[in-house]
Number of protein chains: 2
Amino acid sequence: MAYQTFDPGLENRPIRDIAYEQLKHAIITGQIPAGSRIVETVYADQLHISRTPLREALRKLERDGLVEYVLHRGVVVRAFTIDDIDEIFTIRNAMMMLILPSVVENVTDEALARLREILKEMDVAQEKADADALAVLNREFHGSIEHLSDKLRILRVIDSQEEYIKRFSALAIASVVRRSNAHQEHHQMVALLENRDLEGLKKLMHHHLEESKETCLAAVREKHYS
Amino acid sequence: MAYQTFDPGLENRPIRDIAYEQLKHAIITGQIPAGSRIVETVYADQLHISRTPLREALRKLERDGLVEYVLHRGVVVRAFTIDDIDEIFTIRNAMMMLILPSVVENVTDEALARLREILKEMDVAQEKADADALAVLNREFHGSIEHLSDKLRILRVIDSQEEYIKRFSALAIASVVRRSNAHQEHHQMVALLENRDLEGLKKLMHHHLEESKETCLAAVREKHYS
DNA sequence: GTACAATAAATTGTATACAACCAAGGATGA
DNA sequence: TCATCCTTGGTTGTATACAATTTATTGTAC
């Protein structure tokens with residue numbers, strides 16, 4: 001068959017990466033339920049690609065811990081429990097504490113201006129109670145802060161959990177109360193960053209992520225997701 | 001060509017995993033220097049395998065962050081600095097603090113007996129100043145403690161750094177002074193575990209890993225590794 | 001009907017073939 | 001001499017073919 005000539009705009013990535021992201025998304029959202037066996041030919045046909053790039057995508061998922069490989073039996077989707085969510089947020093929180101010193105150290109006026117810009121957009125979204133927009137802006141906001149750090153390996157750990165965070169922090173933002181508190185906290189964060197107040201920022205960020213976790217866990221428990 | 005029919009004993013893993021580990025080892029030990037481009041055909045020939053399993057190994061290394069992928073240009077070995085070592089130990093220390101509560105909670109008499117057994121072997125190795133044996137036992141000792149925890153995702157983060165730790169903590173163990181201190185600390189750890197003294201253990205473990213890091217960094221700086 | 005052996009089907013593991021792309025160098029023309 | 005186009009060699013991207021292994025199925029004996 002012909003190559004996948006989708007290529008929207010400038011993107012010309014290998015289709016193994018497309019497959020990787022699609023599978024990752026499908027697993028995290030539960031479209032492919034935990035315990036499912038991923039038979040290569042089935043998914044290759046479904047994605048209209050050959051087994052080769054699909055297998056490379058599976059190897060990546062394997063390193064991510066999303067699927068488990070069994071000798072001569074291929075991969076199975078790993079289970080995903082409330083404890084996982086707890087751990088993911090806990091890891092993220094701990095990593096954040098590790099990078100904050102370098103974040104405060106490296107913050108520039110340009111970065112602060114950018115954060116204030118995002119905050120303004122968040123004000124609007126908050127006003128309109130647009131949870132979807134807030135979820136996107138929220139990731140942008142936190143991402144901008146995190147990537148002020150030069151601790152590349154720690155950032156890599158955070159980024160490896162990024163996809164989960166995206167999904168689950170959206171759940172937290174769905175809560176009206178949490179949304180309002182989080183919004184205030186975001187404003188406070190920028191103020192603390194402005195003053196280079198490391199201790200204050202650490203305390204606030206820790207609280208912020210802890211609250212997000214609790215709200216998210218409550219939401220998940222309610223939906224009896226596990 | 002015929003399949004790689006090496007298969008020593010019971011091991012019958014796919015050769016992509018063999019390739020993965022060999023490449024990983026070669027990169028971490030510096031046999032393949034940072035910045036090198038890994039041309040698939042070259043290494044496939046060298047390992048006497050085809051490109052397919054090699055590519056799957058490369059995808060895993062990509063997720064590990066050991067190599068970097070450039071569109072249509074393949075992978076290059078990422079640089080590996082003193083800062084990386086610092087971060088790796090820092091991450092490990094932070095993760096350890098997160099799992100220790102569950103370690104203390106789950107510790108059993110059998111586990112303690114096992115730890116004392118390892119300690120005894122370490123006594124012998126310490127007596128004989130056998131640094132190589134100590135390095136192995138050291139990993140076994142710490143691994144046994146870590147895996148008392150049921151925080152699987154956090155353990156996964158620790159394990160993902162395992163290979164580095166193996167290499168670098170061996171450097172720390174090469175120091176006679178550090179070796180002696182570490183040995184004492186290991187004995188103290190078991191005592192604290194016995195008493196389920198979480199706070200004491202946290203304090204000691206934090207100190208222990210911090211000292212290992214410093215010794216290792218000093219050794220690396222001396223060898224002007226970076 | 002159950003147990004076991006033999007066989008067939010499904011699936012993964014590996015190798016190879018070919019297409020697409022990039023980079024470098026030479027040919028052509030001004 | 002310089003710029004531009006084209007070609008070509010090298011390398012990655014993908015598809016496919018085939019081998020090996022596991023799992024399911026069938027058949028036969030008891």
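In the text below, chain A, chain B and the rest are named by the order of the sequence lines, each starting its count at 1. Note that the structure is a prediction, hence the values are computed from the model and not measured.
- No hydrogens or angles were tested; on distance alone, a donor-acceptor pair under 3.5 Å links the side chain of B:Arg51 to the base of D:dG13.
- Here C:dT14 presents its P atom at 16 Å from NE2 of B:His48, a figure rounded to the nearest Å.
- Taking 4.5 Å as the limit, every side-chain heavy atom of A:Glu87 sits out of range of all side-chain heavy atoms of B:Leu155.
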Provide a list of protein-nucleic acid N or O atom pairs under 3.5 angstrom, restricted to nucleotides 7-10 of chain D.
none

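- Ranked by how close their nearest DNA chain D nucleotide is to the 5' end, B:Val42 and B:Thr52 are led by B:Val42.
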Please list, pair by pair, any protein nitrogen or oxygen found under 3.5 Å from a nitrogen or oxygen in nucleotides 22-24 of chain D.
residue, atom, partner, partner atom, Å
D:dT23, OP1, A:Arg73, NE, 3.2
D:dT23, OP1, A:Arg73, NH1, 3.1

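- Using five terminal pairs a side, the axes of the helix from C:dG1-D:dC30 to C:dA30-D:dT1 at its two ends make an angle of 20°, given in steps of 10 degrees.
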Could you tabulate the donor-acceptor pairs under 3.5 Å formed by side-chain atoms of residues 88-102 of chain B, not counting sequence neighbours?
residue, atom, partner, partner atom, Å
B:Thr90, OG1, B:Asp86, O, 2.7
B:Thr90, OG1, B:Asp86, OD1, 3.2
B:Thr90, OG1, B:Lys213, NZ, 3.3
B:Arg92, NH1, B:Glu146, OE2, 3.0
B:Arg92, NH2, B:Glu146, OE2, 3.1
B:Asn93, ND2, B:His206, O, 3.4
B:Asn93, ND2, B:Glu210, OE1, 3.3
B:Ser102, OG, B:Ile99, O, 2.7
B:Ser102, OG, B:Ser149, OG, 2.8

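- For B:Glu40 and B:Arg51, the salt-bridge test passes: some basic side-chain N is under 4.0 Å from an acidic carboxylate O.
- When rounded to the nearest whole Å, the span between CD of B:Glu56 and P of D:dT14 equals 14 Å.
- No hydrogens or angles considered: nothing links the side chains of B:Tyr69 and A:Arg13 as a donor-acceptor pair under 3.5 Å.
- When the salt bridge (charged side-chain N to carboxylate O under 4.0 Å, His left out) test is applied to A:Glu56, the partners found at least two apart in sequence or on another chain are A:Arg16, B:Arg55, B:Arg59.
- Shown here are the side-chain contact (heavy atoms from CB on, under 4.5 Å) partners of A:Ala174, two or more places apart in sequence or in another chain: there are none.
- Scanning for side-chain contact (heavy atoms from CB on, under 4.5 Å) contacts around B:Ala111 gives B:Val107, B:Thr108, B:Leu148, with sequence neighbours left out.
- A:Arg16 comes within 4.0 angstrom of the backbone, heavy atoms only, and of no base.
- Look at A:Arg55 and you'll find a side-chain N or O under 4.0 angstrom from OP1 or OP2 of C:dG13.
- Between the CG atom of B:Asp45 and the C1' atom of D:dT11 there is a distance of 13 Å, given to the nearest Å.
- Between A:Asp17 atom CG and D:dT12 atom P the separation is 15 Å, expressed in whole Å.
- For D:dT14, neither phosphate oxygen OP1 nor OP2 lies less than 4.0 angstrom from any side-chain nitrogen or oxygen of A:Ser50.
- Salt-bridge annotation for B:Lys24 and B:Glu21: absent, with no side-chain N of the basic residue lying under 4.0 Å from a carboxylate O of the acidic one.
- Counting to the nearest Å, the P atom of C:dT14 and the CG atom of B:Leu47 are 13 Å from each other.
- The interatomic distance linking B:Arg13 (CZ) with C:dG13 (P) rounds to 13 Å, in whole Å.
- In this structure B:Glu162 satisfies the salt bridge (charged side-chain N to carboxylate O under 4.0 Å, His left out) test together with B:Arg139, sequence neighbours excluded.
- Ring geometry for B:His186 against B:His142 counts as perpendicular: the plane angle is over 60°, on a 0 to 90° scale with 30° as the lower cut.
- Listed by residue number, the members of residues 58-68 of chain A with any heavy atom below 4.0 angstrom from DNA chain C form an empty set.
- Residues in residues 75-84 of chain A take part in these salt bridge (Lys or Arg N to Asp or Glu O under 4.0 Å) pairs, two or more places apart or across chains: A:Asp84-B:Arg153.
- In this structure A:Tyr164 satisfies the ring pair (Phe, Tyr, Trp, His ring centres under 6.0 Å) test together with A:Phe80, sequence neighbours excluded.
- Here B:Glu163 pairs with B:Lys166 in a salt bridge; the nearest charged N to carboxylate O distance falls below 4.0 Å.
- For D:dG13, one of the phosphate oxygens OP1 or OP2 lies less than 4.0 angstrom from a side-chain nitrogen or oxygen of B:Tyr69.
- Remark: B:Arg116 engages B:Leu112, B:Ala113, B:Val190, B:Glu194 in a side-chain contact (heavy atoms from CB on, under 4.5 Å) (not counting sequence neighbours).
- The side chain of B:Glu40 approaches D:dT12 more closely than any other nucleotide in the set C:dT16, D:dA15, D:dT12.
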